[in-house]
Protein chains: 2
Amino acid sequence: MEKRTFKNKVYQQLANIVKAMSNPHRLEILELLAQGQFSVAEIAEETDITGANASQHLQVLKQAQLVETQRDGNRVYYQLAGLSVYKAWKALRDLGIERIAEIERVMQQFRESRQSLETLTSEELAEKMQNEETTVIDVRPQQEFDEGHIAGALNIPVEELSEKIEELPKNQEVVAYCRGPFCVFADDAVELLREKGFNAKRLDEGYPEWMIEELPIEQS
Amino acid sequence: MEKRTFKNKVYQQLANIVKAMSNPHRLEILELLAQGQFSVAEIAEETDITGANASQHLQVLKQAQLVETQRDGNRVYYQLAGLSVYKAWKALRDLGIERIAEIERVMQQFRESRQSLETLTSEELAEKMQNEETTVIDVRPQQEFDEGHIAGALNIPVEELSEKIEELPKNQEVVAYCRGPFCVFADDAVELLREKGFNAKRLDEGYPEWMIEELPIEQS
DNA sequence: CAACTATTCAATTAAACTATTGAATAGTTT
DNA sequence: AAACTATTCAATAGTTTAATTGAATAGTTG
């Protein structure tokens with residue numbers, strides 16, 4: 001085989017994968033699917049697009065072999081095609097956070113508005129948990145919590161936080177986490193907790209990153 | 001700031017980066033730039049496109065802050081904007097090699113035609129080098145060798161191999177490496193060496209991967 | 001300063017991408 | 001089987017992308 005033929009084929013194939021990821025909605029879908037499997041309607045709801053549009057984007061991801069499907073009744077559940085898909089997405093995300101000042105700026109601005117500027121890294125949280133210095137709450141929906149969560153975390157979905165807030169110890173720092181650095185449940189939780197007088201912070205990333213770093217997890 | 005406003009901005013910015021990488025020529029350019037800095041004309045030459053076209057693709061990469069430039073006389077040298085750019089590109093490449101059977105197939109097919117099917121991993125090579133069981137040749141151009149190479153490797157650019165082939169010990173295995181898994185210099189070298197009766201293999205990846213794994217390197 | 005080289009810019013055309021809309025299909029419930 | 005839900009398909013229009021061509025610019029050399 002000719003050198004050029006070979007290179008053209010390989011880089012074309014790779015570009016196809018990258019192209020499948022090169023859309024804001026599809027990136028958001030990939031990040032969502034890092035939490036587990038979701039139906040088309042759930043994905044459309046979470047990402048604020050129409051069902052037909054979500055379906056189309058999902059076809060593109062499926063075509064590129066980045067996601068897989070599983071039918072259950074008249075619903076079709078989508079999930080990531082493997083850990084390497086998540087790792088590639090994470091590498092792109094980290095690149096963006098590191099290189100694109102605008103992303104950092106928007107994150108700062110959002111967190112300022114929620115008073116959740118102060119964040120903990122996974123390492124910092126892991127150490128504090130060993131010393132039992134902190135209460136950790138997972139503010140994702142229960143379904144995602146059940147598929148896997150930080151060992152020792154309490155599940156208080158963000159909608160239920162205001163009713164259950166009395167259950168939390170006031171004398172200890174509370175750390176909230178959710179899906180990842182762009183997930184806003186944790187910021188909402190921190191805002192509410194601080195209003196009620198808690199010393200609250202958010203984890204800078206989320207559950208998938210914790211898991212990949214092989215820190216202690218639990219599954220229900 | 002509204003949740004949706006925040007997400008839209010962040011994912012849009014990320015998609016811009018990914019879009020900048022979502023073209024076969026630009027991926028090939030990024031892989032080339034992982035070796036060091038190159039002028040527009042050199043990049044055009046290496047990737048088989050016209051100067052004007054190379055310039056346009058480079059503008060796209062620069063716009064996305066994936067590469068940086070440095071003028072020297074009437075030439076402009078381009079280089080990667082940081083290690084995180086290379087790491088993101090590598091994550092995408094590994095994803096492709098793992099998930100897309102077609103890429104694996106094309107690589108196999110090409111290496112069959114060069115009789116370079118048998119490859120060594122970096123770990124395997126590092127161990128063999130410790131035991132001095134093997135001769136390692138870096139078949140990239142001298143300029144790239146000088147910017148950094150595997151410690152103990154000989155530089156024999158692939159065009160000079162046929163004249164210098166007599167200098168190599170016949171009683172030892174010879175391992176050739178170049179820029180990465182898609183670089184064909186090493187395959188060309190293995191083909192030539194085997195024709196001359198050497199026991200030759202190629203490294204499965206290339207210099208940048210060796211360096212990132214923090215295996216021993218040298219610079220001239 | 002004229003001739004030359006390297007790079008960038010601008011305009012064009014063809015192709016690909018995206019969101020929207022409404023219809024079609026697959027499966028469930030009554 | 002009819003009504004319903006979830007998903008996919010197909011067609012459309014507006015936008016973006018890519019390669020080509022030739023001209024413009026920046027810098028060097030004789």
Side-chain angles (χ1 to χ4, degrees), chain A residues 4 7-9 11-30 32-33 37-79 143, chain B residues 4 7-9 11-30 32-33 37-79 143:
Chain A
R4 252 305 122 201
K7 293 216 164 191
N8 289 347
K9 284 185 183 178
Y11 289 110
Q12 183 59 61
Q13 289 287 336
L14 278 175
N16 288 343
I17 297 186
V18 183
K19 201 166 285 182
M21 299 176 92
S22 73
N23 173 280
H25 296 306
R26 294 201 288 270
L27 289 177
E28 190 172 356
I29 290 171
L30 289 177
L32 179 62
L33 294 185
Q37 48 177 29
F38 293 84
S39 70
V40 178
E42 287 168 338
I43 293 166
E45 160 78 19
E46 282 285 346
T47 60
D48 255 21
I49 56 180
T50 66
N53 199 0
S55 178
Q56 275 187 318
H57 284 301
L58 287 164
Q59 304 299 315
V60 174
L61 292 172
K62 191 177 180 183
Q63 183 73 28
Q65 297 182 250
L66 296 174
V67 301
E68 289 163 349
T69 59
Q70 210 174 327
R71 184 176 270 275
D72 177 20
N74 55 2
R75 294 175 194 202
V76 177
Y77 285 90
Y78 281 79
Q79 61 188 342
Q143 172 201 359
Chain B
R4 251 306 121 199
K7 293 215 163 188
N8 289 346
K9 284 185 183 177
Y11 289 111
Q12 183 59 61
Q13 290 287 335
L14 280 175
N16 288 343
I17 297 186
V18 183
K19 202 166 285 184
M21 299 175 90
S22 73
N23 173 281
H25 295 307
R26 294 201 289 271
L27 289 177
E28 189 171 356
I29 290 172
L30 289 177
L32 178 62
L33 294 184
Q37 48 177 28
F38 293 85
S39 71
V40 179
E42 287 168 337
I43 293 166
E45 161 78 17
E46 283 284 346
T47 59
D48 256 19
I49 55 180
T50 65
N53 199 359
S55 178
Q56 276 186 317
H57 284 301
L58 287 163
Q59 303 299 315
V60 175
L61 292 173
K62 190 177 180 184
Q63 182 76 25
Q65 298 182 247
L66 296 174
V67 302
E68 290 164 348
T69 59
Q70 211 175 326
R71 185 176 269 276
D72 177 21
N74 56 1
R75 290 169 199 214
V76 178
Y77 284 91
Y78 281 79
Q79 60 188 344
Q143 173 200 2

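- Of the inter-residue distances, the one linking Arg26(A) atom CZ with Leu66(A) atom CG reads 9.5 Å to the nearest 0.5 angstrom.
- If you take CG of Asn8(B) and C1' of dA19(C), they are 14 Å apart, rounded to a whole angstrom.
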Whether each nucleotide of nucleotides 21-30 of chain D has a protein heavy atom under 4.0 Å at its base (B), only at its sugar-phosphate (S) or at neither (-) is summarised, 5' to 3', as BB----BS--
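- Rounded to a whole Å, the CZ atom of Phe38(B) is 17 Å from the C1' atom of dA6(C).
- For the atom pair CG (Leu14(B)) and CE (Met21(A)), the distance works out to 10.5 Å, reported to the nearest 0.5 Å.
- The environment of Gln59(A) atom CD is dense: over 12 non-hydrogen atoms of other residues, nucleotides or ligands sit within 6.0 angstrom.
- dT20(D) and dA11(C) make up a base pair, with Watson-Crick or G-U wobble contacts both under 3.5 Å.
- Rounded to whole Å, the distance from CD on Gln59(A) to P on dT8(D) is 5 Å.
- Nucleotide dC9(D) holds its C1' atom 15 Å from the CG atom of Leu58(A), rounded to whole Å.
- For the side-chain contact (heavy atoms from CB on, under 4.5 Å) criterion with Leu61(A), the lone passing option out of Asn23(A), Val67(A), Ile17(A) is Val67(A).
- Checking the phosphate oxygens (OP1, OP2) of dA19(D), a side-chain nitrogen or oxygen of His25(B) falls inside 4.0 Å.
- Interatomic distance, Thr47(A) OG1 to Asn8(B) CG, rounded to the nearest 0.5 Å: 10.0 Å.
- With rounding to the nearest 0.5 Å, the separation of CG in Leu33(B) from OH in Tyr77(B) is 12.5 Å.
- Summarising the geometry, the separation between CG on Asn23(A) and P on dT16(D) is reported as 13 Å, rounded to the nearest angstrom.
- Scanning all heavy atoms of the two residues, the minimum distance from Ser22(B) to Lys19(A) falls at O-CE, 3.3 Å.
- The separation between Glu28(A) atom CD and dA19(C) atom P is 12 Å, rounded to whole Å.
- Atom-to-atom, CZ of Arg75(A) to P of dT5(D) comes out at 12 Å; the value is rounded to the nearest Å.
- When all heavy atoms of Pro24(B) and Gln12(A) are compared, the closest pair comes out as CG-OE1, 3.6 Å.
- To the nearest 0.5 Å, atoms NZ (Lys7(B)) and CD (Glu46(A)) are separated by 7.0 Å.
- Where Tyr77(B) and Pro24(A) each meet DNA chain C at their nearest nucleotide, the meeting point lying more 5' is that of Tyr77(B).
- The distance from atom CD1 of Ile49(B) to atom C1' of dT17(D) is 15 Å, rounded to the nearest whole Å.
- Searching all strands for a Watson-Crick or G-U wobble partner of dT30(C) with both distances below 3.5 Å returns dA1(D).
- Backbone-only contact: Tyr78(B) has heavy atoms under 4.0 Å from sugar-phosphate atoms and none from a base.
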Can you tabulate the close N/O pairs, meaning under 3.5 Å, that link protein atoms to atoms of nucleotides 12-16 of chain C?
none

